[in-house]
Structures are given as structure tokens and as C-alpha cells.
Trainee: 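My questions all concern the structure below.
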Amino acid sequence: MLAKHKILKLFRCHHSQKNLKIKPLRHLICNPFCTATESPELTSRIKSSDTQKPGEDFVIPSLASWVESYKLHDQTRLASNILSEKRDTDIDRFSKILKNRYPSPDGVVQALNGSSLSASTGLIEQILRRFSNDLVPAFGVFTWAKTQTGYRDTPEIYNSMVDILGKCKKFDLMWDLVREMNDLNDGYVTLATMGKIIRRLVRGGKYDEAVEAFRGLDKFGVTKDAMAMNLLMDALAKENSVEHAYEVFCEFKDCTPLNIRTFNILIDGWCKARKLENAERTMDEMKKHGFLPNVISYTCFIEHYCHQKDFRKVDEILKEMQENGCKPNAVTYTIALHALGKAKQINEALEVYAKMKSDGCLPDATFYSSLIFILRKAGRIKDANEIFEDMKTQGVMPDVSTYTNMISSACELSQEEDALKLLRKMEEDSCKPNLKTYAPLLKMCCKKRRMKVLNFLLIHMFRNDVSIDTGTYTLLVRGLCMSKKLELACSFFEEMVSKGMVPMNATYKMLVEELNKNCMGEAKEHIEKLMSRVKPQEPV
DNA sequence: TTAGGGTTAG
């Protein structure tokens, strides 16, 4: 928690800097990378890309050696087998094989059979993470590993594979695998497995099938308890289908034990769907069942009113909580702080912070992230950075989302150096970046035509086992289109399709239009051919 | 394992 004088300083700053505009940042002019060591595949893509204009694709001197070391590191690993750490060598050898785009998992199996590689649990886990959006290599490795003597998949590995199949909407294969797990008769199928199935089915719009999966839990030796039912209801409510969640509730409430979470899931669902009367009715029903509303129940309502910017109502709920002896927690305060910040009521937001402190509630990483976010949005960069530094001295370590937020803000402000330094800092702090961390960086590279930094980021992602998903490919294709890096845009489009992903119609149209404008008839035909093989999807 | 930012969009 910040000392009181620091909070006061934030208030003072706000008044004195109310009309302060962010100064346009000096464009960073830096030394170019040396060109010798890039990842082979991307280099060929980037080299075949449009000719670069002067001033593009520079990197900050203070970061050049880091970026360069990554690339050297990567190439050494891929090129040489003489390395000290066996596991690291193996993951690279696997990756090298898997990066050949085999048309089917069988192709992968054959390729691996022809190698001298052997399976181990840690290795297979890592590969499934690294290729979690890439069904053919993932399923190929998984299938191959099962045939290896002395190796047996753990339930966790099976669960990861189930999840990947569900994510790629291969529901039949997913069910086959669950039955296979069940046939092992060794307690492989658990609620964790069925939870993945239910969530993937719901996300694929298969609500009825998800409910059926719940009904059939006993077949897999999984108990239909409150936890299982909550899981189903939560999946439905999160997918904007609180009505389905309510149907489940009505159908099973008499034969399944309920707990306070069951009701809170519904309350949250109704609040998010802006069906407030239903949320209130659920609150009454909850009391009838002998459950008193807790901080989560109230916070759902607070979030609703924050969303409506009805801060008077928020105060009312807070008062009601106090009357009922229910204390707001860090989540409650974060919601209020963030909403006030978004509504440009910075002083009121900071009052929330002061109130939190006086209430003796400790902020966590997410709270600080929100505080940093709203300060940066208000142009208070220096204060935001100070909070970021200060949170560590307060004993709260920045987490992935804190870093992601900082990186995202830096990218928005075109502070390339800061953004990359933050990524390096994450590495130093052993904080693993995820797709959301990379997204703003990738976007910035596309916009500023930093192709070599883009190359570096893609290697960085791969080494951190972050698998590129449809959204990220969309971002890359769109970003590169806008920067007229059309050949590269095409190559990402192709890679996306080759992984079985379906590009959005808008993305496809944008690419084709740009190719048309630039008289790239051959490339256009190629893209059209690719698209005709996949089912076009209307943007949601 | 019920509540907390942002996601493409110009």
C-alpha cells in the first residue's frame, strides 16, 4: 500500500496537470540490426517481402544485444546437436520436425518414427503447450508418444489433448479420446476432463450437448455434485447464455446440492446480461435457500452499476454491504476504481484508493494494474511508472497482466523502447508472457514496419511456448496489410489456413483488396484459392 | 475453484 503522502501527491499531480497534454514522443532513431542471424523460415518470408523504406526497421541500441542474443541463441539451438542440456536439445529437434507442415497427424507420426527422439512427460507437455493452436503436430506427437515403449501419458497430458481437440472444434475426436481415457480404467477421466469438454462445447455453441455431457457424468465415474453443476452453469453464463444456465439450475436444483457459488454464478450472469430484476430475484431465492449474499454477490451488482456509470447506485450497494456487515475486497475496489477512471473521474477514482487504504484492504497486482492503467490513460505516465515501481516495495509483485498492461500502454504511446524493455524485464523476473502480452507488441511492429523486431518477437513467443491463435494471425494479417507488407501478410494468411483456422471474412476481404490495389494478381488468386477451401465466417 | 483491465474498428 502506498504511503499517505504519496496518495496525496497523486491528487496534487492531478490538479496541477489537469490540462497537461502528452508531449509527442521524439521518434527513436537507432542502429539497424545486423542481418546475419535470423530464423531461417521467417527470414525468407521477410526477405521476399516488400523492399524496406529508409527509416524502417531499426532497433534501439540498448536493446540490440538482447534481441541479437535471442536470435543467435535460437539459431545455435536449431543448428547444432552438441548442446549440454538434453531436454532443451530434444524440444528443438521435435520442433524442427513439427515445423514441416505435415498434412495429417499420421505424417507427423511417421516422421517421428524415423527420428531417434524419445518421449518424456515433460517434453510432451511442453510440445502440447507450444503447439496448442496447431492440431496436426499436437495430435501427431500425442499419438506417436503413446506407441513409445516405457512411456505413458499422464491424465494431465490427456486433458491437454482433449482441450486442444475441443479448441479446434474436433468434437468427435475429443469424445473418442475421453472414451479411450475411460477404458484405461485408471481414474483418468475427472471433473477436470469433463470441465474442459463442457467449456469447449459451450464455446462452440453446442449448449445442449454440454448439458448432455453433464447428464452423462456418471458414465465416466464423475459425480454430479455442486462443483460439476456450477462448472456447467458458469460455462453457459460466461458464453452470454445465462438463460441456459438458469434452465440447468431449474432442472437440477432439486437433485443436485447447491451452494452459494451456484447463486452467484446466476447473479453475475443476469447482471452481465443487464437483466437486473432476474438478478434480484436470484438474490431472494438464494436467501430462501439459507445463503446470505456475500461480497461476490454484491460485487456483481456493483459491477453492473459501474458499467452503467451509475455511481450513486454503486454507493447505495456499498452502504447496503456495510449495513449487512459485508466488507468490500480488492476486487470490489478494482471495479469501482477502473470504472471511475474510465469515466474520466480520476479524482474520484483516487478517492477509492484512499478509501481502500483507510478500510485496511490490501491492493493486489490486479488492483495496481488498474490504477496504472487509468493513470496512463489520463496522461499521468510518470505517476503510473512510479506506482509500478512502488508496488514491488509494497510487497506486490507485478504479474503477467500488470506487465501486459504496461506494455500495451507503452505501445499505444509508440514507446517502442519502453515496451521492449518491459518484455526484457519480464524475462528477468521469470514472468512468462502470454498471447495478450505479445499482441500489442506485434501490432506496433506491423504499424511501424519493424520487420526484424517482429521476427524477434515470433522467436521469443515460440521459445516461450506461446502458440499463435486465430486472433493473433488476424492481427498480423491486418497490420501487415495496412503497412503494405503484402507478401508477408499473405504468408501469415497461408500459415493460418494451413493450421486449419478459418480467417474472418473481413480479414480476407481486406487482404484481397490490398492485393488488387497493388496489382498482385497471382498472390490474389492464391489467397482466393486458399479461402475457397475453408468455410467463410461472417464477423461476429 | 462464483466477482476485477484489454482484444479487431480505422
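Hydrogens, waters and symmetry mates are skipped; everything else that's a heavy atom, side chains included, is used. Per chain, numbering begins at 1; letters A, B, ... match sequence-line order.
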Trainee: With sugar-phosphate meaning primed atoms plus P, OP1 and OP2, does A/Asp364 contact a base, only sugar-phosphate, or nothing at under 4.0 Å between heavy atoms?
Mentor: base
Trainee: Given B/dA9, is OP1 or OP2 found less than 4.0 Å from the side-chain N or O atoms of A/Lys443?
Mentor: yes
Trainee: Just checking, any donor-acceptor pair under 3.5 angstrom between side chains of A/Asn278 and A/Tyr246?
Mentor: no
Trainee: Looking only at the side chain of A/Thr334 (C-beta and beyond, no hydrogens), which of the listed nucleotides B/dT1, B/dG4, B/dG6 gets closest?
Mentor: B/dG4
Trainee: Residues of residues 190-219 of chain A with any non-hydrogen atom less than 4.0 angstrom from an atom of DNA chain B: list those, numerically ordered, please.
Mentor: A/Arg199
Trainee: Tell me what A/Ser408 touches on the nucleic acid: a base, only sugar-phosphate, or nothing, going by heavy atoms under 4.0 Å.
Mentor: nothing
Trainee: Parallel, tilted or perpendicular: which describes the rings of A/Tyr368 and A/Tyr353, with under 30° parallel and over 60° perpendicular?
Mentor: perpendicular
Trainee: With sugar-phosphate meaning primed atoms plus P, OP1 and OP2, does A/Ile265 contact a base, only sugar-phosphate, or nothing at under 4.0 Å between heavy atoms?
Mentor: sugar-phosphate
Trainee: Taking atom P of B/dG4 as reference, at what distance in whole Å does atom CG of A/Leu371 sit?
Mentor: 19 Å
Trainee: Sorted by first residue and then second, give each salt bridge (charged side-chain N to carboxylate O under 4.0 Å, His left out) pair with at least one member in residues 286-315 of chain A; sequence neighbours left out.
Mentor: A/Lys272-A/Glu303, A/Arg312-A/Glu316, A/Lys313-A/Glu316
Trainee: For residues 319-329 of chain A, pull every pair meeting salt bridge (charged side-chain N to carboxylate O under 4.0 Å, His left out), keeping only residues two or more places apart or in separate chains.
Mentor: none
Trainee: Quick one about A/Glu239 and A/His244 (side-chain donor to acceptor, distance below 3.5 Å, no hydrogens or angles considered), yes or no?
Mentor: no
Trainee: Describe the nucleic acid contact of A/Tyr333 in one word from base, sugar-phosphate, nothing, applying a heavy-atom distance below 4.0 Å.
Mentor: nothing
